[in-house]
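Right, one structure below, let's go through it.
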Amino acid sequence: MRFKDRSDAGQKLAGVLAPYRSGDVRVLGLTRGGLSVALEVARALGAPLDLWVARKVRHPARNKLTLGSVSEGGGVFLDAQAAPQSPLSGTALQDFVRGELEGVEKQARQLRGGPTPDVRDRVVLLVDDGMVTGATVAAALLALQQRGARQRIVAVGVATPAALELIRGRADAVHALTLKAGLREVAEVYDTFPSLNEDELRRWLTRARDSSPARASGVAPDVGGGWWF
């Protein structure tokens, strides 16, 4: 499956996430590319939308070496294979990761311009445009667990089998519209895939708030159909 753009992926995801339409669902778009996908999901479900900030952690002196990812809310995922390749270890590695966490929290405050969304006892749909390694999603899931989310559901346009293997043991459910082995960049399955700067992310979030989807009422979702893992 290919997508015209991120909005197209969001509309297609919304169709299979319809069983989650209930009053305690919150939709979170994983920055950067997940917010515009999540906007379509939130509109269709009548659910509140916010962003969730997570980013890769690259070695300070070896930019091509990705050590893992960090997320707002204190989520840390370190790649068990990459970390040993780094000369950073012990206290130095802990200090470096702590600095990355402080940076992602600052970025979240600047982008959101308001408090961190309350996810305690909520069903959280964590939405992204795709997963190649799954590292940023893994960090975000840990943070959401620490924040007390009742269920953590991952929904993405495309994923590799390796990413699914990493994530499905960490989430309550994972939904991917397209599975693609050998995927190197999420952009490979999108016709239009522009980079998004922070000003554009703020505009997407403003659009989401202006649309103000009413929260639906109902019972907890009975999920069926789709590619669930």
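- The shortest side-chain heavy-atom distance between S22 and V123 does not fall under the 4.5 Å cut-off.
- Here the side chain of R32 pairs no donor or acceptor atom with the backbone of R55 at under 3.5 angstrom.
- Residues Q110 and E198 approach most closely at OE1-OE1, 4.4 Å, considering heavy atoms.
- Distance CZ/R58 to CG/L67: 10.0 Å, rounded to 0.5 Å.
- Linking ILVMFWY side-chain heavy atoms closer than 4.5 Å, directly or via other members, places L142 and L78 in two distinct hydrophobic clusters.
- Of all heavy-atom pairs between A171 and V174, the closest is CB-CG2, 4.0 Å.
- In this structure a side-chain-to-backbone donor-acceptor pair under 3.5 Å is missing from R122 to D24.
- Put simply, the residue from I167, D172, V124 that forms a side-chain contact (heavy atoms from CB on, under 4.5 Å) with L141 is I167.
- Remark: W52 CH2 to L126 CG distance equals 9.0 Å, nearest 0.5 Å.
- R152 approaches L144 most closely through the heavy-atom pair CD-CB, 3.9 Å.
- Counting heavy atoms of neighbouring residues, nucleotides and ligands inside a 6.0 Å radius, atom NZ of K56 does not exceed 12 of them.
- If you take CG on D8 and CZ on R6, they are separated by 12.5 Å, rounding to the nearest 0.5 Å.
- The nearest pair of heavy atoms linking A176 to A159 is CB-CB, 4.0 Å.
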If you apply the rule side chain to side chain contact (heavy atoms under 4.5 Å, CB included), what do you find for V104 with E100, and how did you get there?
CA-CA 6 Å; V104 82; E100 292 293 296; over 6 Å; no
Between V27 and L17, does a side chain to side chain contact (heavy atoms under 4.5 Å, CB included) hold up when you go through it step by step? CA-CA 11 Å; V27 179; L17 295 173; over 6 Å; no
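- Contact annotation: the side chain of L166 never approaches that of T133 to less than 4.5 Å [non-hydrogen atoms, C-beta and beyond].
- E40 contributes no side-chain N or O that, together with a main-chain N or O of A14, makes up a donor-acceptor pair within less than 3.5 Å.
- Here the closest heavy-atom approach between residue V25 and residue A47 is recorded as O-CB, 3.9 Å.
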Would you tabulate the side-chain donor-acceptor contacts of residues 187-196 under 3.5 Å, counting partners in other chains and residues two or more places apart, or write 'none'?
unit_1, atom_1, unit_2, atom_2, d
E188, OE2, R184, N, 3.1
E188, OE2, E185, N, 3.1
Y190, OH, D129, O, 2.8
D191, OD1, R2, NE, 3.2
D191, OD1, R2, NH2, 3.0

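- From L45, atom CG reaches atom CZ of R26 across 13.5 Å, with rounding to the nearest 0.5 Å.
- Hydrophobic clustering places L177 together with L39 (ILVMFWY residues linked when any side-chain heavy atoms are closer than 4.5 Å, directly or through intermediates).
- S69 pairs by the side chain to side chain donor-acceptor pair (under 3.5 Å) definition with nothing, not counting sequence neighbours.
- One finds the OG1 atom of T136 at 5.0 Å from the CG atom of L30 (value rounded to the nearest 0.5 Å).
- Pairing each heavy atom of V16 with each of H175, the nearest pair is CG2-NE2, 3.0 Å.
- For the pair R112/D50, a side-chain contact is recorded, criterion being any heavy-atom separation below 4.5 Å from C-beta on.
- Remark: T91 OG1 to R98 CZ distance equals 8.5 Å, nearest 0.5 Å.
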Query - CA sep, side-chain torsions, deciding dist, call: T178, L183, side chain to side chain contact (heavy atoms under 4.5 Å, CB included) - result: CA-CA 11 Å; T178 300; L183 183 75; over 6 Å; no
